[in-house]
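Everything below concerns the one structure shown next.
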Amino acid sequence: MAELICAILFSGVAIGHEMHGRRRAFDVMLRGRADSLLGAVQDADDAEDNVTVDPDELILPKQDAYQVLSPSGRVVGQSSASTPAVLAGLRSSHKSGYFKFRVGEERYRAIHFNGVRVIDREEGKGGLRRPVTVLYAAPTHDLWHETMEAVEFYVVASVLLLGGTAIALVWFLRRRLSPLQELAQIAGRVSAQSWEFTPPAAVLRTSELAPIALSIEELLKGLRQSFERQRQLTGDAAHELKTSIAVLKSSLQLLSMSPRTTLQYETGLEGLLVDTERMEDLTNRMLTLARLEGSPVEQNQVSNLNSVVHVVSERLRPLAELKQVTLEIGFGESCQVALQAEDADVLCSNLILNAVQHSLPAGHVSVVVDSCDGLAKLRITDQGEGIPDAALTHVFNRFYRADRSRSRNSGGAGLGLSICKAIVDRSNGSIQIRSTQDVGTQVTVTLPIVQGI
Amino acid sequence: MRVLVVEDEVRLANNVAAALRERCGFAVDCADNGIDGAALTEYQHYDLLLLDLMLPGLDGLSIVRQVRRRKDMTPILILTARDEPAQVIELLNAGADDYLTKPFDLGELLARSKALIRRGKGASQPVLTVGRISLNTVEQTVRCDGNLIDLSPTEYRLFEYLIFRPRAIVSARELLEHLYDYNWQHHSNVIEAHISNLRKKLRAAGEETSIATIRGRGYRLEAPDKQI
């Protein structure tokens with residue numbers, strides 16, 4: 001398009017320029033002819049000493065029109081072939097210079113000038129000076145015609161050039177853009193169902209496209225991983241909930257399958273209540289996790305780690321005693337950490353409860369809080385059966401249970417450690433687990449200490 | 001009939017087991033992990049395996065593969081909380097016979113279990129007939145010419161097991177294995193007593209079809225040639 005406009009402009013300028021040149025040449029020619037007309041002015045052989053134009057001395061184009069006037073306005077001579085209308089047009093100018101007029105379809109360009117014809121000039125002395133006014137016109141259609149002829153070359157050349165470059169450009173663009181198109185096509189095929197994205201070799205060879213393709217690949221890989229994680233999580237959550245519902249439903253159907261005694265109904269209802277509480281707990285944990293991962297961190301929330309550990313340990317002590325586990329607590333100096341009171345409580349109770357539940361009877365659980373270099377450390381050590389190495393890397397994964405049947409019966413849903421990790425991560429802390437089978441497990445939580453407030 | 005339930009959700013396994021015992025009169029054993037479950041299948045005295053898919057130790061799919069690798073034809077019904085088509089296809093291709101998604105209807109589970117056992121023993125209808133006697137596995141009743149024969153639950157279970165294999169010799173040991181679960185104290189003479197009662201009741205109803213004792217080998221349900 002831009003090319004077309006350029007070509008039109010170019011042709012226009014060429015025509016304009018040619019017109020201008022031709023017109024100048026035309027004017028010069030006009031002047032020349034008028035001069036030769038002046039040269040043809042002679043003395044008329046009459047009493048008033050007038051002048052006349054001798055047509056025999058002139059060789060002028062037939063279609064040209066002229067008139068020579070004496071100062072008094074009398075017509076001294078005129079072209080004999082011209083029509084009166086053309087002569088009238090010639091007389092329409094009253095001052096010297098170039099002008100144009102039109103007769104019918106024919107356009108004329110004319111010159112009007114006052115000249116002095118010196119007649120009978122002889123050696124050494126001046127002749128007779130006769131002032132006359134010369135009007136000379138020539139039709140311009142030839143001028144236009146010639147201009148077009150001259151410009152035709154430029155127009156044809158530019159049209160050819162335009163066509164040629166258009167074809168070349170399309171070919172070139174196609175060739176250069178084909179990797180981009182290929183890239184767009186492959187990228188367009190990516191969806192949540194199909195994550196396949198392999199940049200074609202042609203794209204990787206194109207230096208402008210290679211970084212784009214590689215970053216798309218990287219981006220998709222990341223997206224895919226997080227998508228898979230999310231899908232895994234949703235699947236796991238659905239699995240847990242469906243299993244819980246299956247327990248409730250089968251218990252109810254079993255109860256209503258045949259008439260039961262009051263005692264059987266009571267036992268059945270008790271079981272249902274336990275199942276429902278377990279489901280409630282599961283839902284709460286899932287919501288806690290969603291809250292921790294979904295909402296932004298609230299600033300200016302501070303808890304005293306020592307007092308939280310103290311409160312939680314006292315709350316869990318009866319359970320520990322029930323399992324014949326001794327719970328020992330050690331404190332360093334008091335330290336404030338950037339945790340909401342509720343989160344701090346959940347963190348400590350999950351970890352201590354885990355330690356107690358995984359302890360063997362007559363076991364020992366120690367909970368130690370201390371601080372150094374601006375970091376608070378919470379260390380919980382048990383003498384339980386430990387976690388197998390293979391499972392150790394997965395313990396923070398949601399719904400992961402090292403031994404599913406066992407922890408199911410103890411009520412866990414495999415979310416406790418995920419929740420702890422989410423809480424610690426939100427406060428820019430870290431959590432580590434070290435475990436030796438048949439020796440015990442140590443969980444270390446490190447949190448930055450908050451000064452003042 | 002004896003069924004193995006492998007399910008880590010103990011409450012669910014207990015409910016399923018209770019329903020199978022109560023409504024179908026089956027003997028039921030439960031395992032709460034894949035390893036124990038797989039070990040129990042090796043005895044091959046189950047008429048149906050009910051497997052959860054996600055199990056600690058060994059998953060349901062692996063158990064299916066193990067069982068089928070032994071050329072064990074026991075029907076397998078899978079219980080799963082996941083129902084992606086790809087997984088279902090993989091299961092069925094591995095040799096499972098049917099599947100149910102959790103939460104399932106207990107009635108449907110029982111019906112599918114019975115259908116699978118029936119099919120596994122080569123019968124396509126819930127009513128089995130030998131001579132003038134017909135046994136309805138849905139109602140758990142036995143009739144002779146349409147007249148109800150009153151059988152105790154154990155007698156019914158015995159007869160049900162025998163009627164699936166007419167004219168075949170079934171050992172007392174096999175009967176014990178398929179009619180009682182591990183919680184039962186095994187007494188081999190308990191079978192003899194029940195068979196004797198069953199014979200009496202059948203004869204009282206006027207049926208000459210009888211259960212023969214083949215000394216040292218077991219029992220056989222005598223059946224007229226023309227039927228089945």
Side-chain angles (χ1 to χ4, degrees), chain A residues 193 228 231-261 264-265 267-279 282 387-388 390-391 394 399-414, chain B residues 5-25 28 30-38 50-60 78-87 99-113 139-140 153:
Chain A
Q193 275 71 43
E228 294 285 321
R231 185 151 60 188
Q232 176 77 29
L233 175 70
T234 319
D236 288 342
H239 181 268
E240 291 300 317
L241 288 172
K242 278 179 173 178
T243 306
S244 297
I245 293 170
V247 172
L248 283 176
K249 192 172 173 182
S250 63
S251 302
L252 283 166
Q253 286 184 326
L254 186 67
L255 266 186
S256 59
M257 220 162 227
S258 44
R260 310 275 176 191
T261 63
Q264 279 174 321
Y265 278 125
T267 323
L269 285 176
E270 268 167 34
L272 278 166
L273 194 62
V274 173
D275 295 336
T276 315
E277 276 164 1
R278 246 181 57 188
M279 209 169 151
L282 169 69
I387 305 167
H394 300 291
F399 296 110
Y400 185 83
R401 281 182 290 242
D403 182 351
R404 284 190 42 193
S405 62
R406 212 196 69 92
S407 41
R408 231 181 226 293
N409 297 336
S410 60
Chain B
V5 178
V6 189
E7 162 69 62
D8 62 329
E9 181 57 66
V10 177
R11 288 272 296 146
L12 186 63
N14 289 342
N15 285 341
V16 169
L20 286 169
R21 286 189 192 113
E22 259 180 42
R23 306 298 297 179
C24 307
V28 185
C30 292
D32 66 0
N33 65 76
I35 311 237
D36 292 353
L50 275 175
L51 306 179
D52 181 23
L53 210 51
M54 281 169 66
L55 288 166
L58 192 68
D59 68 358
I78 300 283
L79 304 174
T80 169
R82 299 234 160 122
D83 57 351
E84 291 108 28
Q87 200 183 29
Y99 79 101
L100 265 180
T101 47
K102 295 179 192 172
F104 48 79
D105 185 276
L106 210 49
E108 187 181 350
L109 174 78
L110 300 183
R112 279 183 194 267
S113 302
E139 294 173 8
Q140 296 189 39

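Residue numbers begin at 1 in each chain, while the letters A, B, ... track the order of the sequences.
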> Can you name the closest pair of heavy atoms from B/Pro56 and B/Asn33 and give their distance?
Replying inline: O-CB, 3.6 Å
> What distance separates A/Leu273 CG from A/Ser251 OG, expressed to the nearest 0.5 Å?
Replying inline: 12.0 Å
>> Please check this pair: side chain of A/Arg278 against backbone of A/Ser244, looking for a donor-acceptor N/O pair closer than 3.5 Å.
In response: no
> What part of B/Leu53 gets closer than 4.5 Å to chain A, counting heavy atoms only: side chain, backbone, both or neither?
Replying inline: neither
> Does some side-chain heavy atom of B/Lys102 sit less than 4.5 Å from a side-chain heavy atom of B/Leu79?
Replying inline: yes
> Contact part of B/Glu22 toward chain A, heavy-atom cut-off under 4.5 Å: side chain, backbone, both or neither?
Replying inline: side chain
> With chain A, which of B/Thr101, B/Asp105, B/Val16 has the greatest number of heavy-atom pairs at distances under 4.5 Å?
Replying inline: B/Asp105
